Amino acid sequence: MAYRIGVIGTGATPDDPDRDGFAMAYRHADGYQRLEDCTLHACADIVPENAEQFAGTYDVPHVYEDYRTMLAEMDLDVISVCVPPRIHAEIVTGCAEHGDLEAIHCEKPMATTWADCREMCQVCEEAGVRLTFNHQKRVGPIYRRAKELLDSGRIGDLHRIEVTAENLFDSGTHVFDLATFYTDRAPVAWVMAGLDYREENRWFGVHNENQAVAQWRYENGVTGLAATGRSEGAVGTEVRLVGRDGTVEVGPDDGPPLRVRTDRTFGWKTVDVGETIWGSRGYTTYPGYLRWGVEVAAEQVGTRLLGLPESRFTYPSHIDRAIESVIEAVREDGESPLTWRNAIESTEIIFAAWESARRRARVDLPLGIEDNPLESMVESGSLPVASDLDGDTNADAEQVNSGSRDDGAAGVTETEAGVEG
């Protein structure tokens, strides 16, 4: 069966990505094009030139300005939603309610309010549509190898997980998803956090704090620690798994992409999986370089002597693997590891961290709020934000509210024309 793919929110050219648009639709499209049973059939963007450019790049036959018209006229199987987070819920629920879709793959983070996060999952579940989010690191070999090391007992029982990112929400959603992955979706008992937001910091039109430290505890006794922004150095690695008998680090500041240290080893031992934390080829040991040489030789023979397409040999990115996991779930009538069930649990930690900062107290889960605590604090004036975006932290800088900056594609429902990262 050939799956007909639709893309909503193509965005502008991917040549100059920034925090107003990362052209994620192009990355999704690359992933679909690798799969023989997928065809990019239609795309929609409220900026017609963007949609036309995307269609020209990928030879997409049907181009729309309104995604609702596209859904009404096209018989599609899978939709990629690549609009900014503020309208994720609107678009996802609109697609699910249309009916006849097998799957909706939405960019991260989930949505900008806790109520919207829950609603989009509920609507898709009731409609029988598979909903996934692009937490692509979960399917990256380096992160899965770290999980194998943990599950094998190499470092003993997990005691603590430490993570770092630029912020809790937009970039942090990846590491919180990884925390959920490494703890096998253990329920979280409570979250406690503090944050600083003195300089306006919008990613794709949404507020993100400048700096935060969060702590949480799972019901099984494992604890979590996250540091963002100027606190990133407090952890010193993207992910650290601390066990009874050792430690695994992914993306340490001062070492290889993956390493392990146990009570039975002298210092750190590099674990070579053949790629970097970004999913690109990157070898760190002699056997790894030999493996790379074999792969290059196979590519040359396949493309030059046998005439096979280069796409068969292009090294898959994390996003390529994410797209493949979505389609595989449709093929096998199963569930992708990127399912909303994983995303909603990790996202609850993020909103609970912001809620803890608002309450100035520990927050016990399940979370009983509807809004976005960070945005609510900014809008109410309880968290004043300086308008100086050049790094000046002078407390006397002019204060602005959450609507003071025109971010990129504001104008349709504030954001549809852009795409996110």
Side-chain angles (χ1 to χ4, degrees), residues 110 114 117-118 135 137-138 142-165 168-169 172-195 212-228 231-252 258-265 268-269 271 337 339-369 373:
M110 290 187 75
W114 183 233
C117 291
R118 300 197 314 275
H135 288 130
K137 293 191 175 186
R138 180 183 279 261
I142 197 165
Y143 298 98
R144 300 191 79 80
R145 182 69 179 115
K147 182 69 161 65
E148 291 171 2
L149 291 170
L150 174 62
D151 291 345
S152 71
R154 183 80 168 269
I155 63 170
D157 293 338
L158 183 64
H159 285 184
R160 186 173 70 256
I161 180 166
E162 301 173 5
V163 297
T164 190
L168 293 171
F169 184 63
T173 187
H174 284 299
V175 293
F176 284 107
D177 179 67
L178 290 171
T180 301
F181 174 48
Y182 291 128
T183 54
D184 295 320
R185 290 180 60 186
V188 175
W190 54 261
V191 180
M192 184 167 61
L195 62 82
V213 177
Q215 181 185 15
W216 64 99
R217 185 179 181 88
Y218 297 93
E219 291 182 2
N220 62 9
V222 174
T223 58
L225 174 69
T228 75
S231 301
E232 284 185 280
V235 173
T237 184
E238 185 181 27
V239 178
R240 178 179 294 119
L241 306 174
V242 181
R244 181 192 60 198
D245 303 321
T247 303
V248 171
E249 289 188 347
V250 184
L258 178 62
R259 64 186 184 183
V260 60
R261 180 177 62 192
T262 73
D263 294 343
R264 299 180 296 277
T265 62
W268 291 103
K269 180 178 180 181
V271 181
T339 173
W340 66 265
R341 291 178 174 81
N342 292 329
I344 196 73
E345 294 184 8
S346 55
T347 301
E348 186 174 25
I349 302 175
I350 299 171
F351 278 90
W354 282 342
E355 177 64 6
S356 174
R358 177 163 64 178
R359 296 185 194 178
R360 297 185 177 89
R362 192 182 86 178
V363 172
D364 296 328
L365 300 189
L367 189 59
I369 64 171

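Keep in mind that what you see is a predicted model, and the values were worked out from it rather than measured. If you read the sequence from its start, that first residue is 1, and numbering goes on from there. Excluded from the calculations below are hydrogen atoms, water molecules and symmetry mates; all remaining heavy atoms, backbone and side chain alike, are included.
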Quiz item: Where do Thr164 and Thr237 come nearest, in terms of heavy atoms and distance?
Solution: CG2-O, 3.0 Å
Quiz item: Could you give the distance from OH (Tyr218) to CD1 (Ile349), rounded to the nearest 0.5 Å?
Solution: 4.5 Å
Self-check item: From CD (Glu238) to CD (Glu249), nearest 0.5 Å
Solution: 11.5 Å
Practice problem: Work out which heavy atom in Trp114 is nearest to a heavy atom in Arg118; give both atom names and the distance. | Solution: CD1-NH1, 2.7 Å
Exercise. To the nearest 0.5 Å, tell me how far Arg264 CZ sits from Asp245 CG.
Key: 6.0 Å
Quiz prompt | Heavy-atom pair of closest approach, residues Ile161 and Val163 | solution = CG1-CG1, 4.2 Å
Self-check item: Short side-chain to backbone donor-acceptor contact, Arg144 and Arg138, under 3.5 Å
Solution: yes
Self-check item: Closest heavy-atom pair and its distance - Ala165, Gly172
Solution: CB-CA, 3.7 Å
Exercise. Measure up the His135 and His174 rings against each other and bin them: parallel (under 30°), tilted (30 to 60°), perpendicular (over 60°).
Key: perpendicular
Quiz item: Is it true that Lys147 and Asp184 make a salt bridge, defined as a side-chain N closer than 4.0 Å to a carboxylate O?
Solution: yes
Quiz item: How long is the gap from OG1 on Thr262 to CZ on Arg244, to the nearest 0.5 Å?
Solution: 12.0 Å
Quiz item: Minimum heavy-atom separation for Ala352 to Val363, with atom names?
Solution: O-CG2, 3.9 Å
Quiz item: Rounded to the nearest 0.5 Å, how far does CZ of Arg217 lie from CG of Leu365?
Solution: 13.5 Å
Quiz item: Heavy atoms, side chains only, cut-off 4.5 Å: are Arg145 and Leu149 in contact?
Solution: yes
Quiz item: Is the backbone of Leu367 close enough, under 3.5 Å, to the side chain of Glu348 for a donor and an acceptor to pair up by distance?
Solution: yes
Practice problem: Report yes if some heavy atom in the side chain of Phe351 is under 4.5 Å from a heavy atom in the side chain of Cys117; otherwise report no. | Solution: yes
Practice problem: Ignoring hydrogens and angles, tell me if any N or O in the side chain of Thr183 forms a donor-acceptor pair with the backbone of Ala179 under 3.5 Å. | Solution: yes
Self-check item: Closest non-hydrogen atom pair between Tyr182 and Tyr143, with its separation
Solution: OH-O, 2.8 Å
Quiz item: Can you tell which of Thr247, Asp263, Leu241 makes a side-chain contact (heavy atoms from CB on, under 4.5 Å) with Ile155?
Solution: Leu241
Exercise. Nearest 0.5 Å please: distance from the OG atom of Ser356 over to the CG atom of Leu195.
Key: 9.0 Å
Quiz item: How are the rings of Phe176 and Trp216 set to each other: parallel, tilted or perpendicular (split at 30° and 60°)?
Solution: tilted
Quiz item: So do Arg358 and Ile369 actually touch side chain to side chain, heavy atoms under 4.5 Å?
Solution: yes
Practice problem: Answer whether the closest heavy-atom distance between the side chains of Thr173 and Met110 falls below 4.5 Å. | Solution: no
Quiz item: Can any side-chain N or O of Asn342 pair as donor or acceptor with the backbone N or O of Asp177 at less than 3.5 Å?
Solution: no
Exercise. Compare all side-chain heavy atoms of Thr180 with those of Val188 and state whether any distance is below 4.5 angstrom.
Key: no
